[in-house]
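Everything on this sheet refers to the single structure shown next.
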Amino acid sequence: MRVSTAPVGGGAVSPPARRIPAAPLAVGLAAALLLSLVCGVALGAAGIGLPRALRLLAAGLTGGRLEAGEAAAYAIVWEIRLPRTVLAAVVGAGLAATGVAVQALVRNALADPFVLGVSSGAAVGANAVLLLGAFASLGVWAISVSAFGSALLAMVLVYLAARTAYGLTPLRLVLTGTALSYGFSALTALMVFAAARGEAARDAMMWLLGSLGGATWGSVPIAAATVLAGLAYLACAAGRLDALAMGDETAASLGVDPDRLRRELFVVTAAVTGTVVAVSGAIGFVGLMVPHLARMLVGAGHRRVLLVAPLAGALLLVWVDIVSRTLLAPAELPVGVVTAVLGVPCFLLLMRRRGYSFGGR
């Protein structure tokens with residue numbers, strides 16, 4: 001389905017004088033992402049360097065022999081940095097793509113993947129493990145399983161509270177998600193306040209602010225598969241998203257069932273958000289800012305935006321992760337702190353940019 005697109009939820013893009021073609025931009029972003037993945041493996045507190053990192057990567061890929069004394073560096077590259085960098089790209093792509101979907105779902109320019117309360121719900125499960133020792137029998141999977149399970153529970157609660165006999169409306173979804181987010185956040189704060197061990201409280205706060213420090217090869221496949229499935233669905237639904245952005249009546253006249261589409265988007269965005277939050281914690285601003293930047297560059301059509309936004313989100317989070325673990329090395333900054341430091345001024349500059357508005361002049 002091809003329709004002329006209207007801006008999403010007031011995040012309007014006036015017809016720009018120049019628009020970057022989406023396909024060449026996507027190719028450039030993909031090339032930059034591959035280079036950034038290599039930089040993510042090479043840079044860190046342990047000084048390995050780019051040439052040595054490339055040699056160790058090649059040895060791992062081809063089964064080549066290592067030089068004497070390189071076992072430790074090889075372990076750092078393959079067991080710590082590479083899965084962490086790959087997971088950063090997966091999480092960034094997932095947050096950016098779901099940001100596009102959620103802004104279409106609720107028709108609100110200020111919406112992001114966490115507006116449905118999924119992130120706050122996941123935080124309850126993660127902190128139940130970190131602070132109370134729940135699901136300890138699951139070992140290294142305890143946090144991810146608990147966070148994902150509580151995220152799904154939060155999704156169900158939001159859906160049941162927001163739905164009416166007339167279906168899901170954008171306003172009810174936003175209000176319900178916001179209200180339940182406050183409730184989940186209060187419960188999380190209570191658990192942190194009551195924590196018996198200060199180190200556990202610190203770990204909980206680190207998770208709440210976002211961290212990729214616990215990335216392993218075991219956490220990458222599930223997150224990657226979920227994000228890829230979500231991207232595939234959104235790519236197929238791009239035409240319907242264009243119609244939904246123009247309003248329910250227009251969408252219905254074009255043969256799109258807005259209520260059914262909202263239900264589908266709700267499930268997909270909640271599942272992807274719950275999965276990435278379970279492995280990375282709550283990382284803000286990526287899902288809010290990247291969709292707007294993509295629209296500013298390639299226009300409001302969802303087919304073009306969904307081609308660019310996931311690559312831009314992946315590229316952004318890879319470099320944010322590099323900064324978070326190198327700026328104050330050997331200490332590590334929460335990833336969410338870095339995204340906020342970058343996101344706030346970027347958001348303010350975008351609001352003041354001519355030709356782009358967030359709902360009104």
Side-chain angles (χ1 to χ4, degrees), residues 91 94-95 98-99 102 105-106 108 110-163 168 171-214 219 222-223 226 266-267 269-288 334-337 339-340:
V91 170
L95 291 176
T98 52
V102 170
L105 169 65
V106 301
N108 190 319
L110 296 178
D112 69 1
F114 302 145
V115 74
L116 301 180
V118 178
S119 174
S120 300
V124 174
N127 281 280
V129 175
L130 292 170
L131 301 174
L132 305 178
F135 303 105
S137 60
L138 296 177
V140 295
W141 292 95
I143 295 178
S144 296
V145 171
S146 181
F148 183 70
S150 59
L152 291 183
L153 178 60
M155 177 190 75
V156 172
L157 291 176
V158 171
Y159 177 81
L160 293 176
R163 73 171 182 172
L168 290 173
L171 181 59
R172 288 182 67 90
L173 273 175
V174 172
L175 293 178
T176 304
T178 301
L180 289 180
S181 289
Y182 278 112
F184 295 139
S185 297
L187 183 58
T188 300
L190 179 62
M191 287 192 290
V192 173
F193 180 77
R197 296 181 293 115
E199 187 63 27
R202 182 185 180 280
D203 291 341
M205 291 304 300
M206 191 73 172
W207 191 93
L208 288 172
L209 293 172
S211 174
L212 294 162
S219 59
I222 297 176
T226 305
F266 184 82
V267 173
T269 55
V272 174
T273 302
T275 301
V276 299
V277 168
V279 297
S280 67
I283 300 174
F285 274 98
V286 177
L288 174 63
V335 175
V337 171
T339 58

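All figures in this text were calculated on a predicted structure; none of them were measured in a lab.
The shortest distance between side-chain heavy atoms of Ile222 and Val279 does not fall below 4.5 Å.
Within the model, atoms CZ of Phe285 and CG of Asp112 stand 9.0 Å from one another, a figure rounded to the nearest 0.5 Å.
By the side chain to side chain contact (heavy atoms under 4.5 Å, CB included) test, Leu152 pairs with Phe148, Met155, sequence neighbours left out. Taking Ala123 as the reference, Asn127, Thr188, Trp207, Leu208 meet the side chain to side chain contact (heavy atoms under 4.5 Å, CB included) condition, with sequence neighbours excluded. Listed by chain and number, the residues in a side chain to side chain contact (heavy atoms under 4.5 Å, CB included) with Val267 amount to none (sequence neighbours excluded). With sequence neighbours left out, the side chain to side chain contact (heavy atoms under 4.5 Å, CB included) criterion links Thr98 to Pro113, Thr269, Val272, Thr273.
Ser150 places a side-chain N or O within donor-acceptor distance of the main-chain N or O of Gly125, the cut-off being under 3.5 Å.
Taking both residues in full, the closest heavy atoms of Ala223 and Thr275 are given as CA-CG2, 3.7 Å, listed atom of the first, atom of the second, then distance. Residues Val158 and Leu116 approach most closely at CG2-O, 3.1 Å, considering heavy atoms. Between Gly284 and Thr339, the shortest heavy-atom contact is O-OG1, 3.0 Å. Closest non-hydrogen pair, Leu173 versus Ala162, comes out as CD2-CB, 4.0 Å. For the residue pair Val91 and Ser280, the shortest heavy atom distance occurs at CG1-OG, 3.6 Å. When all heavy atoms of Ser146 and Ala126 are compared, the closest pair comes out as OG-N, 4.2 Å.
When the shell of 6.0 Å around CG of Leu153 is examined, it contains more than 12 heavy atoms from other residues, nucleotides or ligands.
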Exercise for the section: Could you walk me through whether Leu131 and Phe193 pass the side-chain contact (heavy atoms from CB on, under 4.5 Å) test, one step at a time? Expected result: CA-CA 10 Å; Leu131 301 174; Phe193 180 77; over 6 Å; no

Anything under 3.5 Å between a donor and an acceptor, one on a side chain of residues 176-187, the other on a protein residue two or more places apart or in another chain? List them.
residue	atom	partner	partner atom	Å
Thr176	OG1	Arg172	O	2.7
Thr178	OG1	Val174	O	2.7
Ser181	OG	Gly177	O	2.7
Ser185	OG	Ser181	O	2.9

